[in-house]
Amino acid sequence: MQRLIPTLRRDQVDEELLSVINTLQICAKEISFRLHQGELAGVLGSTLDENIQGETQKMLDVLANQLLKDILLENPHVRAVASEEEEGIVEGTTEGEYLVAFDPLDGSSNIDINSLVGTIFSIMPTPKDGRTGEDMFLQPGTHQVAAGYVLYGPSTMLVFTTGRGVRMFTLDQKVGEFLLTDTDIEIPKSTCEFAINMSNYRHWEPQMRRYVDDLLAGETGPRCKNFNMRWIAAMVADVHRVLCRGGLFTYPGDSRKPGKPFKLRLMYEGNPMAMLVEQAGGIAHTGKQRILEVQPEHIHQRVSVILGSEQEVSTCLEYLQDSH
Ligand code: AHG
Ligand code: MN
Ligand code: MN
Ligand code: MN
């Protein structure tokens, strides 16, 4: 079976980018090992700290962040990193050709219940226009040269794109290598499955409520078919299901927190997942525009996310554009 780096080398990915990707897979193996040790590694539970997102940090959020940051910044090709868990960017080598944004541990609320979590990452080129600091990261997702995630499930999987389709690699625990297990991933165009946190129903805008009402109405309703719902509370796992068998995943805007309508982060969650979904033939949208075309104004910017099977996302967007 094919290993990660030789597979990408055949795609003519440049050696500097390959080196950054190699560093990411080393981090992923280390995080995977700690997670699978669970309680034995003494790393479960919460810290007393809050991150820049206003969330209580879990010990594993901190540990995964530290690991990724330390190991990536040792790589001479990394100009800087941005993380969900860090207030500002952290700079590496001034000559570094690449920027890496990451969500070190996605699905934090699943850590303590031994359920699915992941790591999401996005790689962009260092801009050559003299920008410095955080401004270097403020590029739309269309500039990403690679994106992916690691799903720490019953098996650890690395799902990855460099803009030439989506491939899935599975960690062979015996040899300690990610091996190619699926290639040319294609999201089915239509679906009977959706993923949304229904407990926020009362906070959504009326168009989103009407879209979900019609899904729930089943075959006797306007959509004329029955839909099933899944919610894992880890975007990595919900998007993985969409990539494997189709579906619609959304975390729409809501009115719970005044002035803060969105939950998912553009740079660490929206953009990398949007690149994967588009590369697999799906749609990734905010409701107003392609996620990948959003011009970020700051690194922790949040967005509304609607992604997955082409026909279903298009139908959802029609409901959202309807002003009645
Ligand atoms: P994180 O653990 O990195 O903060 O991200 C959690 C995100 C995302 O993974 C998931 O889809 C969503 O939050 C879950 O939200 P709810 O708690 O509303 O279910
Ligand atoms: Mn978090
Ligand atoms: Mn996350
Ligand atoms: Mn996280």
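Counting convention: from 1, in listed order, for ligands and their atoms alike.
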Quick check on contacts: which atoms of ligand 1 are under 4.0 angstrom from a heavy atom of [X]?
X      : result
Met235 : 8 (C), 9 (O), 10 (C), 11 (O)
Glu269 : 3 (O), 5 (O)
Leu264 : 7 (C), 8 (C)
Asp103 : 3 (O)
Ser108 : 2 (O)
Glu55  : 4 (O)

Check each heavy atom of [X] against ligand 1 and say whether those closer than 4.0 Å belong to the side chain, the backbone, both or neither.
X      : answer
Glu84  : side chain
Leu105 : backbone
Asn197 : side chain
Arg265 : side chain

CD of Glu85 to CG of Asp49, rounded to nearest 0.5 Å, is 10.5 Å
The reported gap from CD1 in Ile196 to CE in Met229 (rounded to nearest 0.5 angstrom) is 8.5 Å
Assess the pair Trp231 and Phe194: is the distance between their ring centroids shorter than 6.0 Å?
-> no
*Is the ring centre of Phe169 less than 6.0 Å from the ring centre of Phe178?*
no
Discussion item. For Glu84, is there any backbone N or O sitting under 3.5 Å from a side-chain donor or acceptor partner on Gln53?
Written reply: yes
In Glu55, the N/O/S atom nearest the Mn ion (ligand 2) carries the name OE1
To atom 18 (O) of ligand 1, the nearest of Tyr268, Tyr251, Trp231 on a heavy-atom basis is Tyr251
Residue, atom and distance of the protein heavy atom nearest atom 6 (C) of ligand 1 read Asp106 OD1, 4.0 Å
for atom 15 (O) of ligand 1, nearest protein heavy atom and its distance come out as Lys263 NZ, 3.2 Å
Below 2.8 Å, can you find an N, O or S atom of Leu105 next to the Mn ion (ligand 4)?
yes
If I take every N, O or S atom of Glu84, is at least one of them less than 2.8 Å from the Mn ion (ligand 4)? yes
Scanning both residues in full, the closest heavy-atom pair of Asp61 with Ser108 reads OD1-OG, 2.7 Å
According to the interplanar angle, ranging from 0 to 90°, do the rings of Tyr149 and His240 count as parallel (below 30°), tilted (30 to 60°) or perpendicular (above 60°)?
perpendicular
Does the pair [X]/[Y] count as a salt bridge with the N-to-O cut at 4.0 Å?
X      : Y      : result
Arg79  : Glu91  : yes
Lys263 : Glu269 : no
Arg210 : Asp213 : no

Is there a donor in the side chain of Asn110 and an acceptor in the side chain of Tyr152, or the other way round, less than 3.5 Å apart?
-> no
Q. Do Arg209 and Tyr201 have side-chain heavy atoms sitting under 4.5 Å apart?
A. yes
In Asp103, the N/O/S atom nearest the Mn ion (ligand 4) carries the name OD1
| task | May I ask you to check if ligand 1 and Gly107 share an N or O to N or O distance below 3.5 Å? | result | yes
- Task: Verify the distance test for Glu85 against the Mn ion (ligand 2): any N/O/S atom under 2.8 Å, yes or no.
- Result: no
